[in-house]
Visitor: 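The structure's right below; bear with me while I get my questions together.
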Amino acid sequence: MVDRLANSEANSKRIGVVEACFGTAGQPLAIPGRVLIGEGVLTKLCRKRPKARQFFLFNDILVYGNIVIQKKKYNKQHIIPLESVTIDTVEDEGDLRNGWLIKTPTKSFAVYAATATEKSEWMSHISKCVSDLLEKSGKSPTGEHAAVWVPDSEATVCMRCQKMKFTPVNRRHHCRKCGFVVCGPCSEKKFLLPSQSSKPVRVCEFCYKQLSTGATLPTRSDSYSRSEFPCNISDDDDDDDSSD
């Protein structure tokens with residue numbers, strides 16, 4: 001099915017429409033063999049709050065952006081190679097339902113569909129595209145992924161020292177290794193995480209010690225719930241300053 005659509009006029013037109021919606025600020029998307037599998041609006045859990053984002057699933061990449069005018073204009077285009085993607089379901093919690101994690105070595109975040117059926121279809125199509133790509137390339141699934149950031153609103157005090165209360169003066173920071181919300185004194189160190197940046201990035205004191213000694217870091221569960229881990233899961237906010 002995908003191979004048959006690859007060079008079809010209908011597929012070329014659909015990809016052209018997506019490119020036009022992103023305008024000159026977006027990257028060209030039309031390349032030989034690329035097929036637009038589907039598209040839709042998903043709620044992406046960002047650092048500040050959940051936000052609607054337009055997603056496009058191709059047979060080799062996942063593209064998303066901010067909605068300026070629905071079906072007409074999008075900005076802040078993000079392109080994720082599917083070869084590096086792994087996905088895991090997220091348990092329903094309150095108003096956040098029908099979600100799953102999209103994890104890559106450079107960036108990980110949670111998204112939520114409007115219905116359980118939509119979630120199932122998205123996860124099925126993504127899994128199939130990833131599987132097909134890995135089969136063609138002969139590569140193995142990636143075993144490393146970036147931490148999913150805990151939203152600012154889920155932490156009133158530092159998640160490491162459990163003492164420092166956050167205020168307009170005592171700002172929240174995020175450890176790039178574990179994703180915890182931490183205070184300044186608990187995150188003064190930086191460490192090189194090549195999959196995330198070519199420069200050293202902010203990490204908490206606990207992760208810095210573990211990374212410096214080469215010790216194995218404990219990993220957070222991929223199947224999150226408030227009962228096991230009292231925090232939601234998010235990505236740095238696309239349109240806010242995420243330098244911390």
Side-chain angles (χ1 to χ4, degrees), residues 44-48 62 78 80-91 93 96 99-111 130 134 139-167 169-238 240-244:
K44 179 170 171 286
L45 198 57
C46 299
R47 175 178 178 178
K48 300 294 183 183
L62 182 66
H78 296 259
I80 302 174
L82 286 180
E83 275 190 350
S84 65
V85 168
T86 56
I87 59 175
D88 287 293
T89 190
V90 174
E91 293 182 11
E93 294 284 347
L96 294 173
W100 68 97
L101 293 178
I102 296 174
K103 303 184 297 183
T104 79
T106 59
K107 190 171 191 171
S108 301
F109 53 91
V111 292
V130 173
L134 293 176
K139 296 180 181 178
S140 299
T142 180
E144 180 184 2
H145 60 81
V148 186
W149 284 21
V150 175
D152 287 0
S153 60
E154 293 296 319
T156 56
V157 299
C158 175
M159 295 177 70
R160 283 303 182 194
C161 69
Q162 299 289 320
K163 296 177 181 178
M164 181 74 76
K165 291 185 177 181
F166 295 122
T167 68
V169 176
N170 295 323
R171 296 179 56 206
R172 292 171 172 82
H173 304 278
H174 277 84
C175 172
R176 297 320 196 255
K177 184 62 181 178
C178 67
F180 279 18
V181 183
V182 290
C183 63
C186 285
S187 59
E188 293 178 337
K189 301 289 200 306
K190 292 188 175 183
F191 199 89
L192 181 62
L193 302 177
S195 63
Q196 296 189 37
S197 175
S198 59
K199 298 179 180 179
V201 293
R202 182 187 294 271
V203 294
C204 67
E205 188 70 26
F206 174 81
C207 288
Y208 180 81
K209 290 179 179 178
Q210 300 295 308
L211 290 165
S212 298
T213 59
T216 301
L217 285 163
T219 58
R220 284 157 51 187
S221 170
D222 289 333
S223 181
Y224 296 95
S225 69
R226 285 182 182 273
S227 60
E228 297 174 350
F229 189 79
C231 299
N232 280 331
I233 40 186
S234 76
D235 165 48
D236 52 307
D237 205 333
D238 296 327
D240 290 340
D241 179 12
S242 60
S243 58
D244 289 325

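None of these values were measured; they are calculated from a predicted model. Any value given below was found using the heavy atoms of this structure, including those in side chains, with hydrogens, waters and symmetry copies removed.
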Visitor: May I ask you to test the Pro141-Leu134 pair for a side-chain heavy-atom distance under 4.5 Å?
Guide: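 Side-chain contact under 4.5 Å: yes.
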Visitor: Determine whether Leu45 and Leu96 make a side-chain contact, defined as any pair of heavy atoms from C-beta on separated by less than 4.5 Å.
Guide: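 Side chain of Leu45 against side chain of Leu96, heavy atoms only: contact under 4.5 Å found.
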Visitor: To the closest 0.5 Å, what do you measure between OG1 (Thr156) and CE (Met164)?
Guide: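 These two atoms lie 13.0 Å from each other.
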Visitor: State the CE-CZ distance between Met159 and Phe180, to the nearest 0.5 angstrom.
Guide: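 Going from the CE atom of Met159 to the CZ atom of Phe180 covers 4.5 Å.
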Visitor: Step by step, would you call Asp88 with Lys103 a side chain to side chain contact (heavy atoms under 4.5 Å, CB included)?
Guide: CA-CA 8 Å; Asp88 287 293; Lys103 303 184 297 183; 2.6 Å; yes
Visitor: Under the side chain to side chain contact (heavy atoms under 4.5 Å, CB included) criterion, do Phe166 and Asp152 qualify, and how do the steps go?
Guide: CA-CA 10 Å; Phe166 295 122; Asp152 287 0; over 6 Å; no
Visitor: For the residue pair His174 and Trp149, does the interplanar ring angle fall in the parallel (under 30°), tilted (30 to 60°) or perpendicular (over 60°) class?
Guide: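 His174 vs Trp149 ring planes: parallel.
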Visitor: What pair of heavy atoms forms the shortest contact from Cys175 to Val203, and how long is it?
Guide: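 Nearest pair, atom of Cys175 first, then Val203: SG-CA, 3.7 Å.
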Visitor: Where do Pro81 and Ser84 come nearest, in terms of heavy atoms and distance?
Guide: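 Smallest heavy-atom distance, with atoms named: O-OG, 3.0 Å.
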Visitor: If you look at every heavy atom in Thr213 and Lys209, which pair is closest and at what distance?
Guide: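 Taking every non-hydrogen atom into account, OG1-O, 3.0 Å.
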Visitor: How many angstroms lie between atom SG of Cys186 and atom NE2 of His173, to the nearest 0.5 angstrom?
Guide: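 Here the interatomic distance stands at 10.5 Å.
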Visitor: Give the minimum heavy-atom separation between Cys204 and Val182, together with the two atoms involved.
Guide: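 Between these two residues, the closest heavy atoms are CB-CG1, 4.2 Å.
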Visitor: Give, for atom OG1 of Thr106 and atom CG of Leu193, the distance between the pair rounded to the nearest 0.5 Å.
Guide: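 The OG1 atom of Thr106 sits 12.0 Å away from the CG atom of Leu193.
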Visitor: Is it true that Arg160 and Glu205 make a salt bridge, defined as a side-chain N closer than 4.0 Å to a carboxylate O?
Guide: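 No, no charged N to carboxylate O under 4.0 Å.
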Visitor: For Ala147 versus Arg176, what's the shortest heavy-atom pair and its separation?
Guide: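 The answer is CB-O, 4.2 Å.
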Visitor: When you look at Lys107 and Phe109, which way does the side chain to side chain contact (heavy atoms under 4.5 Å, CB included) test go after all the steps?
Guide: CA-CA 7 Å; Lys107 190 171 191 171; Phe109 53 91; 4.2 Å; yes
Visitor: From Lys48 NZ over to Ser153 OG, what is the distance, rounded to the nearest 0.5 angstrom?
Guide: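 It comes to 9.5 Å.
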Visitor: Which heavy atom in Val130 sits nearest to a heavy atom in Leu82, and how many Å separate them?
Guide: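 Here Val130 and Leu82 meet closest at CG2-O, 3.4 Å.
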Visitor: Side chain of Gln196, backbone of Val201: donor and acceptor closer than 3.5 Å?
Guide: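 Side chain of Gln196 to backbone of Val201: no pair is present.
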Visitor: Would you check if the side chain of Ser108 reaches a backbone N or O of His145 as a donor-acceptor pair within less than 3.5 Å?
Guide: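 Side chain of Ser108 to backbone of His145, a donor-acceptor pair under 3.5 Å: no, none is there.
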Visitor: How far does NZ of Lys44 sit from NE2 of His78, to the nearest 0.5 angstrom?
Guide: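 It is 6.5 Å, given to the nearest 0.5 Å.
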